[in-house]
Amino acid sequence: MSAVAAKPQAGGAMNPTAMAVGVVMLLIILAICWYISPGAGLMALIGITVGGVLIGFGTHFVPVGGAPAAMGQAPGIATGVAMLAAGAGLAGLFGGAWAAEQGLVVATVTGGVGGGLMMAITCMMVNFVYVFGMGIPSASGKVAKDPITGDTQAEFKSQGTEGHGLPFISFVGGVIGGFLGGAGGTLIYLQLLNLYEATLPALMQVPAAQVMPIAVAAAGMFAVGLFLVNAVLTAYNITGTIEGPHDPKFKRWPRAIVASAVASAMCGLVAILIVVPM
Amino acid sequence: MSIKVEVIEGGIPHNNILMSGLLGTLVCLYLTYLNVLTNTEMFAFFGGLAAIIALVWGSHTIKVLCSYGIGTGVPSAGMIAFGSGVIAMLLATRFGILAPIVALVLAAVIGFILGYISNNILNMKIPAMVQALTEMAIVGALSLMGFAALITGGFTFAGLTEGTITMLGMTVSSNQISFIGGGLIAVAFLLGAIAIQHPFNATLGPGWKQDRMLMLTAECGFLSMIVAAVMSFALISAGSAIISLLVAILGWAYTYNQYICMSKRDAASWLDAKPIPDMEGH
């Protein structure tokens, strides 16, 4: 096989043994957390895991086009999964962090809205560039009709391409993905922030007001790290490009759920260990 | 099963780079401990050198991993390296003088599990995946610790979270003026991530040469070190920061020069074009 034809062939197949091992690993990590820090630590870890799963699942909705999209040969936004997911998640994280004092639900939804807004703006400007800059209509190559509007796609699709531009379903998918990613990132940040605010003053023997910058920065850094890990794992799951929720690759999401849950729980456990007295 | 797109021809074998990178990073990190022994901050620049050695090793690991078409782009590898590395590094700083060793072990465990997840649960089935992600997490953790040592002069949790601020002639201890509390860690994170993902992304292709890519990594590393050394003026004494800055600028000038020479060596031909041509008769 030539280098050009060599494509990742991960495929959609599930590996039941590895999935089972993953679930067992998740349970072991939760058990370790329950042993070293029952109560606050365990609740934080569960929140972190849920946040990680939201990021992993949400990334599947985002229309990622990669290099082919930049040349107008495939639908989606012309960059990689990690960049888009990180962009949406960090925009959401910043939005949610402002609302951190308003309670869990308000802050998480604010984070979600921030991420969704960022993706909506990105998708709209990308379509502006595609339509008015490159002169190509939006058409999907994976489905005959747009699942939401019912518009037919084939007559707008150029021959030899897999579609181009951002069809309506991809736009909607991008906004949903941004919402889930932003909400997940904010959830991780809030859980760690609450935990650090409660435990760091005793650990470092300084007043609670003094420790605030450390708690915010450490929680933010852990949230960014967790976000990137989850985004890249999801990128590995969909092997590069995806059109949105109508793409056949979307059906691989159960693998990403297990992978994100294990990875988030493991990294979350490390983040919680930092405030466990030694 | 994925097909390996490019082969490594000639050059130093990856295992040699791995071993020398690991040893060099650890030795340089521990050399910053001379700060504590001699009660100065002059040796902070060794932290920057540790980060650069780790980055050189990491960029070759990216080359090994991304030679298999993983389909997600080279930058994603740099992102997961630092994403998993920062988590291990932050916990490891609590272990005092053992911090670099703990960071190494902890990052190896995290990287190994991430490798297992990618290869088996996500069904990537890439032979180099587990080892590469393990190495990447270690590189991420150690180079961040190197930048931390460069900026603050130490790598312990207390050193990274406590600083002093001088107000009206009084010196007050403050957590805001510190590596973590001041958010400098976020800048160090991206300085490292950019330096590790750029070199292979820029030099890949049929004309890839190992020494040229590694020289580019060193150049990017020194460029990041310049920025980090400028930031270190906030946290360590000016004299020590100037030493770090001089080392970084000299290293950058040398590696940049070398990289340009290697690019000219590997190019089919080159023309020393000027940005604005000298027009005659004007």
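Within the 4.5 angstrom heavy-atom criterion, no atom of B/Met89 approaches chain A. Of the two parts of B/Phe189, only the side chain, counted from C-beta on, holds a non-hydrogen atom closer than 4.5 Å to a non-hydrogen atom of chain A. The contact between B/Leu106 and chain A is made entirely by side chain atoms (from C-beta outward), counting heavy-atom distances below 4.5 Å. If you measure heavy-atom distances from A/Met221 to chain B, the contacts under 4.5 Å come from both the backbone and the side chain. Using a 4.5 Å cut-off between heavy atoms, A/Val81 does not touch chain B at all. Looking at A/Leu203, only its side chain comes within 4.5 Å of chain B, counting heavy atoms on both sides. Neither the backbone nor the side chain of B/Thr93 comes within less than 4.5 Å of any heavy atom of chain A. For a residue to count as touching a neighbouring chain, one of its non-hydrogen atoms must lie under 4.5 Å from one of that chain's; by this rule B/Phe179 does not touch chain A. For chain B, no part of A/Met212 is nearby; none of its heavy atoms comes within less than 4.5 Å. Using a 4.5 Å cut-off between heavy atoms, A/Val206 contacts chain B through its side chain alone, with no backbone atom that close.
Comparing A/Gly80, A/Ala259, A/Ala235 by heavy-atom pairs within less than 4.5 Å of chain B, the highest count is held by A/Ala259. Chain B forms the most heavy-atom pairs under 4.5 Å with one residue out of A/Val216, A/Thr79, A/Val21, and that residue is A/Val21. Each of A/Leu228, A/Val232, A/Leu273 has some count of heavy-atom pairs under 4.5 Å with chain B, and the biggest count is that of A/Val232. The choice from B/Ile113, B/Val86, B/Val109 that makes the most heavy-atom pairs within less than 4.5 Å of chain A is B/Ile113. With chain A as partner, the option from B/Ile87, B/Leu114, B/Ile80 having the largest number of non-hydrogen pairs under 4.5 angstrom is B/Ile87.
In terms of heavy-atom proximity, B/Ala202 sits nearest to B/Leu216 at CB-CD2, 4.0 Å. Nearest heavy-atom pair across B/Arg94 and A/Ile274 is NH1-O, 2.7 Å. Scanning both residues, A/Ala100 and A/Leu190, for their nearest heavy atoms gives CB-CD2, 3.7 Å.
Ring-plane geometry between B/His60 and B/Trp208 is classed as tilted, the angle between the planes lying from 30 to 60 degrees on a 0 to 90 degree scale.
A heavy-atom distance below 4.5 Å is not found between the side chains of A/Thr234 and A/Arg255. Residues A/Ser37 and A/Leu42 form no side-chain contact, since every pair of their non-hydrogen atoms from C-beta on lies 4.5 Å or further apart. Contact of the B/His14 side chain with the B/Lys63 side chain is not registered, since no non-hydrogen atoms from C-beta on lie closer than 4.5 Å.
Within a 6.0 Å radius of CZ in A/Phe94, no more than 12 heavy atoms belonging to other residues, nucleotides or ligands are found. Other residues, nucleotides and ligands contribute more than 12 heavy atoms inside 6.0 Å of the CZ atom of B/Phe233.
Counting only N and O atoms by type, the side chains of A/Asn237 and A/His60 include a donor and acceptor under 3.5 Å apart.
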